[in-house]
Amino acid sequence: MAFTTETTGESSTEERADDPLGPGMAIAATLRGTLGPNGLDKMVIDRSGSVVVTNTGATVLDGLEIDAPIGRVIRDAIQAHARHVGDGTTTTALLVGELLDAADELAERGLHPTSIVDGYARAMSHARDALDELSVPVDPNDERLREVASTAVTGRWDEASARRFADITVDALRAVDFDAPRLTIHAYPGGELADSERVNGILVNLDGSSTTIDGFGTDDRRALADPTVALVDGELTPSTTEASGTVTVRSPDELAAVREHERAASDGLVRSVADRGVDVLACQKSIDDAVKTELARAGVLPIERTRRDEFDAIARATDATAVTAVDDLDREALGTVERVRRRSVGGGAVIELSGLPGESHESLLLRGGTPHVAEETKRIVEDCLAVARHAASGGGVVPGGGAGMTAVSRAVADRAPGVDDRSALALEAFADAVTVIPRTLARNAGADPIDALVALRNRHRDGETTAGVARSGAVRDMFDAGVVEPVAVPARCLEAAVRTAGLVLRVDETLDAKPIEGTGVDGDGHRGRDHAAADGRPRETEDEGGGGHDGGYPWALSH
Ligand code: ADP
Ligand code: MG
């Protein structure tokens, strides 16, 4: 078999060489059980021993320690894709696994990797056409957008939560006209998922600043009505107004004088802020401790180390102009909002600015029992936002539940006989490979994958191209079931999978075709078992250079 390479390194060569599973298939096999609404959770234990329970493909992938270089290439490619689209990590991983597996078989039948890569590329263009044909447009106010968002998060939470989060994200997106920078996500550990909420306003994290002297104490009921807001883009220290140099102190009197001078400078700074009627002062960098205390005492709420994006959002929302020195705070530079209040969240606190006169802003305040759950919640909500934005940005939507892949499979299989070279075989293989999605959805629902596939094909052949595998495992109309995805998701999953498979196939082709000096790879793609080079030094680069389908699972889950 052209792709077989013997495992090198310390592990038992004989045992692993027998196992035909390449890294692509192994990753797919690991993620398979998490696909779809019936996906089960994986428990991932990282090196430090912390445990994450998740059924998000991206999180599982992050946690895998993959040894085989090709496995890492595959993982990186899938992750890059997931960051781009926001959904479909598991789908992409399964497709990569199937495409590589199919390529292995084709190679065994004598097809050159280049022909396989060509065939896959050709199949991809038919796939794109099939998805375009299946796709229906949605506009930003379409109710289907909620279904898109809830489809992206089904399986992560119970159905009621999925629907609620879909509503929250779609409403928030609409409120900011789908303008991503105007929507910020804050995730806090502590509290329940159900305590998560959508806030029409800006939340500023107080983690970086002292909460006891923030002007509110820890009283959540106090709020400022129509406060004047000032923004300082820099640090706030007494030396901001006074030129500072090195002071050498020779006596206690002199030290007292220096202290007095500093106090005077600090007082002057605080007075000039208070005199301008400022109620809330947000600083992009730190505020000197003494100044902060004095500001709070003078009735000014100091917020320091405001995150850059929040700082800019406050400027746009309050119509304030950021200045670099307090002296520049003139009437023009000041802004306002209807209400500012402090809120305790979990162990920390946030400042909430609402009733924004300028640009509207939405914040999602997410809660989860532990830091991991909070982070995972954030990740899921980000997926929700990404798909809703994709769907609303004019791309259109397709039925989910494997309906898209079934349509792709049909279209590609139909075109295969028209291809008169050997890559026709690759088109047929591609048509089979993509059915891994409906098959896996059926299997995870406890249904028979082959029965489901046959039923699906029949329905699609009869013109019912919206038929897919429902949560129950039965084949039904996906639009009726509210299972909808932006066409960009299946399209980009396929593209990423084809690209990744191509990458891997080409790597194997180069290395297996010619002997590479110093790697011990001979012309047939077999590496010598002798691990030491002629000069007696171990060949450290063997694994990097070979990079091929090392047998067995390419990682270890450590504990
Ligand atoms: P991925 O990481 O690829 O997004 P998911 O576990 O999110 O993996 O599963 C996505 C697949 O599940 C998609 O094919 C989608 O159409 C399908 N799916 C989601 N919700 C449903 C549902 N309620 N019924 C059937 N299929 C669904
Ligand atoms: Mg998903």
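Numbering of residues begins at 1 and proceeds along the displayed sequence. FYI, side chains are in, hydrogens and waters are out, and symmetry mates aren't considered; it's all heavy atoms of this structure. Whatever order the structure lists them in is the order used to number ligands and atoms, beginning at 1.
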Test: Arg122 cationic atom under 6.0 Å from Phe430 six-membered ring centre, within 45° of axis: no
Ionic contact status for Asp477 with Arg459, cut-off 4.0 Å: no
Of His361, Arg307, Glu310, the residue whose pairing with Thr184 passes side-chain hydrogen bond (donor to acceptor under 3.5 Å, both in side chains): His361
Protein contact to atom 6 (O) of ligand 1 [nearest heavy atom, distance to 0.1 Å]: Gly36 N, 2.9 Å
Among protein heavy atoms, which lies nearest atom 20 (N) of ligand 1, and at what distance? Thr154 OG1, 3.0 Å
Nearest-option assignment for atom 8 (O) of ligand 1, heavy atoms, candidates Asp87, Val483, Asn444, Leu35: Leu35
Heavy-atom distance under 4.5 Å between the side chains of Val397 and Glu147, does that happen here? no
Is Glu382 salt-bridged to Arg379, cutoff N-O under 4.0 Å? no
For ligand 1, which atoms sit closer than 4.0 Å to a heavy atom of Thr151? 19 (C), 20 (N)
With the threshold set at 4.0 Å, does a side-chain nitrogen-carboxylate oxygen contact exist between Arg308 and Asp312? yes
For Thr34, take its heavy atoms, then give the atoms of ligand 1 lying under 4.0 Å from any of them. 6 (O)
Side chains of Ser393 and Arg389: any donor to acceptor distance under 3.5 Å? no
Closest protein heavy atom (residue, atom, distance) for atom 5 (P) of ligand 1: Arg156 NH2, 3.4 Å
Enumerate the atoms of ligand 1 whose separation from the nearest heavy atom of Gly400 is less than 4.0 angstrom. 16 (O)
List every atom of ligand 1 that sits less than 4.0 Å from any heavy atom of Arg471, numbering the atoms from 1 in the order shown and giving each element. 24 (N), 25 (C)
Examine Asp87 and say whether one of its N/O/S atoms is closer to the Mg ion (ligand 2) than 2.8 Å. yes
Output yes when Arg410 and Glu133 qualify as a salt bridge under the 4.0 Å nitrogen-oxygen rule, no when they do not. no
Thr92 and ligand 1 - part of the residue with a heavy-atom distance under 4.0 Å: neither
Thr89 heavy atoms, cut-off 4.0 Å: which ligand 1 atoms fall inside? 1 (P), 2 (O), 3 (O)
Decide side chain to side chain donor-acceptor pair (under 3.5 Å) for Thr114 and His112; before the verdict, give the C-alpha distance in whole Å, the side-chain angles of both, and the deciding distance to 0.1 Å. CA-CA 5 Å; Thr114 310; His112 194 272; 3.0 Å; yes
Applying a strict 4.0 Å limit to heavy atoms, is Gly39 in contact with ligand 1? no
Considering non-hydrogen atoms of the protein only, which is the closest contact for atom 18 (N) of ligand 1, and what is the distance? Pro37 CD, 3.7 Å
